Amino acid sequence: MVTHTLNLESTTLDQDVLCVTTVLPSYLFVFHLNRLLGLSLVRSKEDLKAENSADRFAVYEYDCDVMQQSWRVVENQIVSATPSGQIGLFEETEQRSLLFAGLSQTDLLVCVNGITDNLVKRIQSIRRVISCSLLPTKRNKIKEKLTF
């Protein structure tokens, strides 16, 4: 007799990824997301590091055993101020760094399994969220890089 096993363990490749464009800093977006959806996302002790630079991007995590969902919010871009080497009007210059260069208009990536249209609408209802859409299928390789 043949026995079959069912593996219900989810992986990050099973998760859907939302691309969020917002003027909110990541910590404030996470605060509003927690309040809106009753989550408990917290900042991870380890940041995600870009491949070709020393920049670190914040990661917020929440695992819900009851709903069997894993949530991750990852910064896609950061702005850092560096001292200007020239004498001029400004003492510092701002430098924008991207985690994924192909997503230049995306500020945050929200990774969760079981995304619905209702969830997307609720995230869009957060004030100062400009847009919220699923990761384009041609960019699915990004999911592999979001493994922790």
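All values derive from a computational prediction rather than experimental measurement. What you see below is based on every heavy atom in this structure, not just the backbone, and it leaves out hydrogens, waters and symmetry mates.
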Of the non-hydrogen atoms in [X] and [Y], which two are nearest, and what is the gap between them?
X: Lys143; Y: Val17; result: CG-CG2, 3.9 Å
X: Ser26; Y: Tyr60; result: OG-OH, 3.2 Å
X: Gln15; Y: Ser70; result: NE2-O, 2.9 Å
X: Gly102; Y: Arg139; result: O-NH2, 3.4 Å

Check whether [X] and [Y] end up in the same hydrophobic cluster, where Ile, Leu, Val, Met, Phe, Trp and Tyr are linked by side-chain heavy atoms less than 4.5 Å apart.
X: Leu36; Y: Ile115; result: yes
X: Tyr27; Y: Leu109; result: no
X: Val59; Y: Leu108; result: no
X: Phe31; Y: Leu37; result: yes
X: Leu24; Y: Tyr62; result: yes

Inset, instruction - Taking only Lys NZ, Arg NE, NH1 and NH2, and the carboxylate oxygens of Asp or Glu, determine whether Arg96 and Asp55 approach each other closer than 4.0 Å. - result: no
Inset, instruction - Sort and list the pairs that fulfil side-chain hydrogen bond (donor to acceptor under 3.5 Å, both in side chains) and have at least one residue in residues 100-112, not counting sequence neighbours. - result: Gln77-Asp107
Legend entry - From CA spacing to verdict: side chain to side chain contact (heavy atoms under 4.5 Å, CB included), Val112, Asp16: CA-CA 6 Å; Val112 66; Asp16 296 316; 5.6 Å; no
How long is the straight-line distance from [atom2] of [Y] back to [atom1] of [X], given to the nearest 0.5 Å?
X: Gln124; Y: Leu18; atom1: CD; atom2: CG; answer: 9.0 Å
X: Phe57; Y: Phe100; atom1: CZ; atom2: CZ; answer: 9.0 Å
X: Asp47; Y: Leu99; atom1: CG; atom2: CG; answer: 11.0 Å
X: Asn140; Y: Leu135; atom1: CG; atom2: CG; answer: 5.5 Å
X: Ile142; Y: Asn76; atom1: CD1; atom2: CG; answer: 7.5 Å
X: Glu61; Y: Arg72; atom1: CD; atom2: CZ; answer: 4.5 Å

Inset, instruction - Quick one: do Val110 and Phe29 satisfy side chain to side chain contact (heavy atoms under 4.5 Å, CB included)? Show the steps, please. - result: CA-CA 11 Å; Val110 178; Phe29 173 80; 4.0 Å; yes
Inset, instruction - State whether the side chain of Gln69 and the backbone N or O of Asn113 hold a donor-acceptor pair below 3.5 Å, judged by distance alone. - result: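 Indeed, once roles are kept as given, a pair shorter than 3.5 Å links the two residues.
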Legend entry - Donor-acceptor pair, side chain of Gln95 and main chain of Ser80, under 3.5 angstrom: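 No; judged by distance alone, with no hydrogens or angles, the pair does not exist.
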Would you give me the side-chain donor-acceptor pairs under 3.5 Å for residues 125-132, sequence neighbours excluded?
residue, atom, partner, partner atom, Å
Ser125, OG, Arg122, O, 2.5
Ser131, OG, Thr21, OG1, 3.3

Legend entry - Residue pair Thr116 / Val120, side-chain heavy-atom distance below 4.5 Å: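 Not touching, per the 4.5 Å side-chain cut-off.
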Legend entry - Minimum side-chain heavy-atom gap Trp71-Leu39 below 4.5 Å: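 Trp71 vs Leu39: side chains touch.
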